[in-house]
Protein chains: 2
Amino acid sequence: MARYGKEHKLATRQRIIETAGRRFKRSGIDGSGVATLMADAGLTNGAFYAHFESKEDLVATAVSDQLREQRERLAAVAPGRAGLEQIVRAYLSPEHRDHPEEGCPSAALLDEISRCGEPTRRTYTDSVLAIMDDFAARLAPEDPESARTTVLSVYALMVGTLQLSRALTDQKLADDLLEQGIRNALALLD
Amino acid sequence: MARYGKEHKLATRQRIIETAGRRFKRSGIDGSGVATLMADAGLTNGAFYAHFESKEDLVATAVSDQLREQRERLAAVAPGRAGLEQIVRAYLSPEHRDHPEEGCPSAALLDEISRCGEPTRRTYTDSVLAIMDDFAARLAPEDPESARTTVLSVYALMVGTLQLSRALTDQKLADDLLEQGIRNALALLD
DNA sequence: GCGATTGTATTACGACCATACGACCATAAG
DNA sequence: CTTATGGTCGTATGGTCGTAATACAATCGC
């Protein structure tokens with residue numbers, strides 16, 4: 001039945017998901033057309049609907065995949081609160097700010113995501129909460145449940161700070177904002 | 001020379017700016033076409049370029065106008081830090097979250113703004129800083145200069161919190177996040 | 001090793017919408 | 001009644017999403 005290797009289509013799908021994730025973060029969701037997304041993966045627009053039901057389907061899948069990948073990377077840093085501080089500093093770094101296409105999808109796309117349909121937002125919610133639970137376990141290993149809201153609110157702080165730093169044209173102010181954001185985040189974690 | 005009253009075209013322009021501000025916040029910038037924007041103002045697309053050089057020109061103008069209007073409204077609340085607390089609570093309220101088209105343009109559009117061209121971002125920066133300086137004067141009347149970064153970072157916290165609360169599908173979690181955001185903002189202001 | 005089978009991707013297409021602009025017209029001020 | 005003006009409409013060019021018919025290529029049975 002399977003004339004092609006089973007992994008062939010799956011690999012293509014994964015390639016589309018990954019290049020789309022980067023494209024969305026660079027150009028926005030509404031700013032990325034299907035033809036462009038497929039060209040990024042080395043394909044043409046016609047093949048798109050063999051892999052996804054709709055563009056919105058890809059959006060949910062790509063954002064979820066980006067967050068999953070980010071979560072895996074975060075699992076590698078030092079455990080406990082020391083690791084958390086390291087994560088905060090990397091998140092609110094000028095490098096992260098200046099390369100949105102390789103960074104956090106929330107920072108690049110959050111207000112477009114909030115205008116998406118409910119299924120997409122649910123997928124997003126689940127993916128974010130998985131990361132938040134990891135954070136909560138770092139912060140309060142004995143009671144991660146109650147730490148959930150705390151880490152979520154710190155995440156919101158980091159997302160907003162990075163977005164604002166990206167929008168400001170005053171370089172020094174944008175840098176100061178990042179540093180102040182780090183201080184604020186660390187203070188709220190204690 | 002002026003066959004029409006001077007105020008006629010100006011009034012039309014202002015009407016376009018105001019309806020466009022609401023439309024952008026509801027549907028996003030890339031999600032709002034020129035024809036729709038003009039129809040909202042009771043006109044057709046052709047008249048657009050008699051009022052604005054380009055869509056991007058309208059974006060900058062509309063966002064700036066929204067922030068100016070917000071700044072004027074904020075000037076009316078009780079002075080000093082008491083007023084600040086009132087502002088924070090209104091900003092992070094479920095009402096604000098559930099009606100983006102009447103709310104803060106930063107919360108609705110920040111990551112789309114950060115993908116705009118430099119002139120648009122500069123206009124945005126100026127408008128935001130005007131509000132921030134008002135905030136700083138409330139917080140530290142004797143030294144508003146050094147309070148600028150503080151209030152800007154709290155603004156970033158509020159923007160991120162509202163955006164995240166809009167995106168989450170878990171209602172209780174979204175509500176808890178708003179409340180935690182209020183506590184965090186107030187703590188950071190002291 | 002070879003041809004038939006079968007899944008993948010391409011190209012072409014439809015209907016619609018995007019921004020931008022220019023010709024035309026009704027209207028209102030002088 | 002003339003004239004400048006704001007607005008409508010039509011057009012040019014290119015993009016959008018989504019679908020369908022077609023070409024290609026890789027694996028299987030023989």
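Sequence lines set the chain letters: A, B, ... in the order given, protein chains first and strands last, and positions in each chain run from 1. On a predicted model such as this, the values are computed, not experimentally measured, just so you know.
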Nearest-angstrom distance from the residue atom [atom1] of [X] to [atom2] of [N]:
| X | N | atom1 | atom2 | answer |
| --- | --- | --- | --- | --- |
| Leu10(B) | dG7(D) | CG | C1' | 17 Å |
| Leu58(A) | dT16(D) | CG | C1' | 15 Å |
| Glu53(A) | dT19(D) | CD | P | 10 Å |
| Asp57(A) | dG18(D) | CG | C1' | 14 Å |
| Asp30(B) | dC17(D) | CG | P | 12 Å |
| Phe48(B) | dC9(D) | CZ | C1' | 17 Å |
| Glu56(B) | dA18(C) | CD | C1' | 15 Å |
| Arg13(B) | dG7(D) | CZ | P | 13 Å |

Does OP1 or OP2 of [N] have a side-chain N or O of [X] closer than 4.0 Å?
| X | N | answer |
| --- | --- | --- |
| His51(B) | dG7(D) | yes |
| Tyr49(B) | dC21(C) | no |
| Thr12(B) | dG7(D) | yes |

Out of [options], which nucleotide sits closest to the side chain of [X]?
| X | options | value |
| --- | --- | --- |
| Asn45(B) | dA20(C), dC13(C), dT16(D) | dA20(C) |
| Lys55(A) | dG10(D), dC17(D), dG7(D) | dC17(D) |
| Ala47(B) | dG7(D), dA20(C), dG18(D) | dG7(D) |

Any carboxylate oxygen within less than 4.0 angstrom of a Lys/Arg side-chain nitrogen, looking at [X] and [Y]?
| X | Y | result |
| --- | --- | --- |
| Asp65(A) | Arg68(A) | yes |
| Arg138(B) | Asp134(B) | no |
| Glu69(A) | Arg73(A) | yes |

With no hydrogens and no angle check, just 3.5 Å: does a side-chain donor-acceptor pair link Gln70(A) and Gln66(A)? no
Examine the side chains of Asp176(B) and Thr149(A) and answer whether a donor and an acceptor come within less than 3.5 Å of each other. no
Identify whether any heavy atom of Gly46(B) sits under 4.0 Å from a base atom; if not, whether one sits that close to sugar-phosphate; answer base, sugar-phosphate or nothing. base
By nearest-heavy-atom nucleotide on DNA chain D, the more 5' of Met38(B) and Ile29(A) is Met38(B)
